[in-house]
Amino acid sequence: CKCAPVAERIVFGLYGSAESFDKAIFFMLNHAADLRIVPKFPGSDILYKYNHLFELRFIWGARVNFEIPNTPEGVFVSDMVFIILSDILVWGMFFFSHNFIIFSFTEVKDSTINNSIKSLDRKVKLAIDDAYQRIFKFHSLQKFKNISYTDNYKNKIDYKYLPLESIAIYVPGSTASYPSSVLMTAIPAIVAGVKRIVMINPGYKGKQNPAVLYAAKRCKIKEIYSIGGPSAIAAVAYGTKKIKPVNKIVGPGNAFVAAAKKEVFGDVGIESMSAGPSEVLIVSDHSSNPEWLASDLIGQAEHDILAQCILISKDKNILQQTAREIYKQLKKIPRSSIAAKSLKNNGILMYVKSDKKILEIINKVGPEHCELNVKNYKSLIPKIKSAGSICFGKYAVMAMTDYGVPGSNHVLPTNTSSKYSSGLNVSEFMKKISYINLSKKGIETLGPSVITLANYEGLAGHAISVKKRIRRK
């Protein structure tokens with residue numbers, strides 16, 4: 001296959017079925033002259049041993065299914081994402097402008113939205129409406145007040161909050177559909193006053209979920225594109241002929257989406273946290289219900305095979321009973337294979353002897369969700385410094401907060417980023433600008449001290465620019 005180098009490079013960016021892959025390879029073989037071969041990116045050498053279409057398809061399956069964080073050949077998530085984004089930046093206008101199958105996307109029209117939501121159960125619509133009201137009410141309390149300050153010399157500062165002009169929300173959808181994520185990401189932006197909100201959602205098997213579309217319509221989102229993964233992040237970060245770039249991208253996603261957001265940061269804003277695969281850390285004691293604990297762990301594990309679930313207790317019996325309950329309950333849920341893989345690879349049951357050690361573990365892990373299913377939670381809460389959210393008491397189950405009860409956001413920091421960041425909130429969609437006016441008296445009175453500091457730091461130009469405005473004696 002003389003075109004193998006081209007195919008081998010682009011194979012990193014392929015999405016879709018085996019049939020669509022064959023079409024892409026066929027296109028490249030028949031348009032070789034139109035495709036400019038560029039230097040290989042780091043990590044691509046490993047594919048040169050595959051010079052056969054059947055073997056290429058195998059590599060495509062291993063690389064693009066994204067079922068494991070690292071490929072069998074050892075190419076890490078960040079390397080793969082870098083190559084995909086690099087391909088888009090080099091070849092992107094060709095792919096996007098021609099709607100080529102490798103990075104194809106479609107805009108979801110109003111007619112499609114209206115037809116789709118007709119089939120949606122009325123109870124689901126009401127549940128989305130109720131969640132919208134709760135989330136909107138709580139986030140409306142987060143609005144900020146502008147500051148105006150004038151000193152004794154009539155120097156004035158106005159510190160004003162302004163909404164971002166445009167944002168994109170990433171809503172996962174390739175393995176499951178999350179209308180709740182639409183509400184959680186869009187509502188804070190609406191409260192902040194963002195005028196343009198773009199939704200990117202990969203859909204499931206080529207179709208948009210009606211509940212996701214209904215939630216988007218409830219949030220009055222005008223631009224919806226059916227695209228996912230790193231290519232979706234690149235599309236809204238750098239723009240295409242159809243999509244204008246945005247100021248900021250937010251929303252949860254798998255490891256590849258999170259890595260892509262980190263790669264584009266600087267060219268575009270992202271949330272201040274790492275919003276990757278889900279996490280929960282539960283603390284239990286002898287009073288905890290093992291059946292409830294098991295269901296809470298499974299409820300988090302079913303999100304993603306990379307989800308992290310930790311149960312800590314000073315009671316070994318509780319840990320053993322919970323383990324047995326997990327095996328029982330896994331058989332009863334539709335996403336049992338995902339939950340089972342997650343718990344097998346990333347699930348931990350920890351026997352810890354003291355509250356002091358438990359608190360050390362919580363603050364070191366900095367979990368996205370922390371559940372204190374213990375009687376003495378009041379003594380633990382003040383000592384927890386790192387967590388996305390803390391649910392305490394036996395009825396405060398994390399699953400309720402995922403759906404906006406009582407109104408908090410479920411887009412929370414993961415991967416220990418709760419040590420320096422918070423969950424998604426209104427401030428993520430606002431920027432602050434200082435408006436400064438200095439009086440004649442102010443610069444003449446305070447200018448000399450500024451000149452002294454500027455000269456001390458070796459910035460003579462600063463000193464001169466101040467000095468020229470001071471009245472000569």
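Throughout, numbering of the chain's residues begins at 1 and tracks the sequence.
- Residues Y238 and V264 meet the side-chain proximity criterion, which asks for heavy atoms closer than 4.5 Å.
- Looking at L359 and L380, their side chains come closer than 4.5 Å, going by heavy atoms from C-beta outward.
- Between the CE atom in M400 and the CG atom in D402 there is a gap of 11.0 Å [rounded to 0.5 Å].
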>> Before you tell me yes or no, could you show the steps for V365 and T416 under side chain to side chain contact (heavy atoms under 4.5 Å, CB included), namely the whole-Å CA-CA distance, both residues' side-chain angles and the distance that decides it to 0.1 Å?
In response: CA-CA 6 Å; V365 173; T416 75; 5.8 Å; no
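- The side-chain heavy atoms of L281 and H369, taken from C-beta on, include no pair separated by under 4.5 Å.
- Shortest non-hydrogen contact noted between V268 and A237 is CG1-CB, 3.9 Å.
- S342 places no side-chain N or O within 3.5 Å of a backbone atom of I338 that could act as its donor or acceptor partner.
- Side chains of C219 and I190 form a contact here, defined as non-hydrogen atoms less than 4.5 Å apart.
- Screening residues 184-200 for side-chain hydrogen bond (donor to acceptor under 3.5 Å, both in side chains) gives R196-E223 as the qualifying pairs, with residues at least two apart or on separate chains.
- Listed here is the closest heavy atom pair of M430 and A192: CG-CB, 3.7 Å.
- Put simply, the side chain of S336 reaches to within 4.5 Å of the side chain of I333, judged on heavy atoms.
- R134 places no side-chain N or O within 3.5 Å of a backbone atom of P406 that could act as its donor or acceptor partner.
- Counting all heavy atoms, side chain and backbone alike, D158 lies closest to S148 at OD1-OG, 2.7 Å.
- Note: K431 NZ to L164 CG = 6.5 Å, rounded to the nearest 0.5 Å.
- No more than 12 heavy atoms of other residues, nucleotides or ligands lie within 6.0 Å of NZ in K364, so this atom counts as exposed by the packing criterion.
- Using modelled atom types, one side-chain atom of Y170 and one backbone atom of G229 make a donor-acceptor pair closer than 3.5 Å.
- A donor and an acceptor atom, one from each side chain of S417 and N415, are nowhere located under 3.5 Å apart.
- Between the side chains of E368 and S418, no donor-acceptor pair of N or O atoms lies under 3.5 Å.
- Nearest approach of S421 to P413, heavy atoms of both residues: OG-CB, 3.5 Å.
- Between the side chain of N247 and the main chain of S166, a donor-acceptor pair closer than 3.5 Å is present.
- Not one N or O on the side chain of E165 forms a donor-acceptor pair closer than 3.5 Å with the backbone of V194.
- The main-chain N or O of V426 is found under 3.5 Å from a side-chain atom of Q142 such that the two form a donor-acceptor pair.
- Between M273 and L424, the closest side-chain pair of non-hydrogen atoms falls below 4.5 Å.
- Separating the OG1 atom in T150 from the CG atom in N155 is a distance of 8.5 Å, to the nearest 0.5 Å.
- Using a cut-off of 4.0 Å between Lys/Arg side-chain N and Asp/Glu carboxylate O, K109 and E107 are scored as salt-bridged.
- E428 places a side-chain N or O within donor-acceptor distance of the main-chain N or O of S272, the cut-off being under 3.5 Å.
- Using a 4.5 Å heavy-atom threshold, the side chains of V191 and K143 count as touching.
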>> Pair H139, N425 - check side chain to side chain donor-acceptor pair (under 3.5 Å), show working.
In response: CA-CA 7 Å; H139 285 76; N425 58 80; over 6 Å; no
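- Figure legend: K160 and Y435 shown as a cation-pi pair, the cationic atom lying under 6.0 angstrom from the six-membered ring centre and within 45 degrees of its axis.
- Relative orientation of the F144 and Y161 rings is parallel, given thresholds of 30° and 60° on the angle between their planes.
- Using a 4.5 Å cut-off on side-chain heavy atoms (C-beta onward), N346 and C309 make no contact.
- Heavy atoms from other residues, nucleotides or ligands lying under 6.0 Å from NZ of K432 number more than 12.
- With hydrogens and angles disregarded, a donor-acceptor distance shorter than 3.5 Å links the side chain of K385 to the backbone of P382.
- Interatomic distance, Y225 OH to T106 OG1, rounded to the nearest 0.5 Å: 10.5 Å.
- Within the model, atoms CG of L311 and CG of D296 stand 9.5 Å from one another, a figure rounded to the nearest 0.5 Å.
- No side-chain donor-acceptor contact under 3.5 Å links T445 to the backbone of G442.
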> For L372 and I384, what are the C-alpha separation, side-chain angles and deciding distance, and is it a side chain to side chain contact (heavy atoms under 4.5 Å, CB included)?
Replying inline: CA-CA 11 Å; L372 301 180; I384 297 176; 3.9 Å; yes
>> Between Y214 and D129, is the side chain to side chain contact (heavy atoms under 4.5 Å, CB included) condition met? List the steps.
In response: CA-CA 10 Å; Y214 181 79; D129 290 340; 3.0 Å; yes
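- The closest donor-acceptor contact from the side chain of T112 to the backbone of V108 lies at 3.5 Å or more, if one exists at all.
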Which pairs of donor and acceptor atoms, one on a side chain in residues 457-470, lie under 3.5 Å apart (sequence neighbours left out)?
{"from": "S465", "atom 1": "OG", "to": "H462", "atom 2": "O", "distance (Å)": "2.8"}
{"from": "R469", "atom 1": "NH1", "to": "S465", "atom 2": "O", "distance (Å)": "2.9"}

> For K217 and N114, what are the C-alpha separation, side-chain angles and deciding distance, and is it a side chain to side chain donor-acceptor pair (under 3.5 Å)?
Replying inline: CA-CA 9 Å; K217 187 173 183 179; N114 294 331; 2.8 Å; yes
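- The minimum heavy-atom distance linking F265 with G269 is given by the pair CD1-CA, 4.3 Å.
- Minimum interatomic distance between V250 and K261 (heavy atoms only, all atoms of both residues): C-NZ, 4.0 Å.
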>> Set out, in order, the CA-CA distance, both residues' side-chain angles and the distance that settles side chain to side chain donor-acceptor pair (under 3.5 Å) for S278 and Q308, then state yes or no.
In response: CA-CA 6 Å; S278 297; Q308 176 180 272; over 6 Å; no
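- Sparse packing is recorded around CG of N152, with 12 or fewer heavy atoms of other residues, nucleotides or ligands lying under 6.0 Å away.
- For the atom pair CG (N209) and OH (Y178), the distance works out to 11.0 Å, reported to the nearest 0.5 Å.
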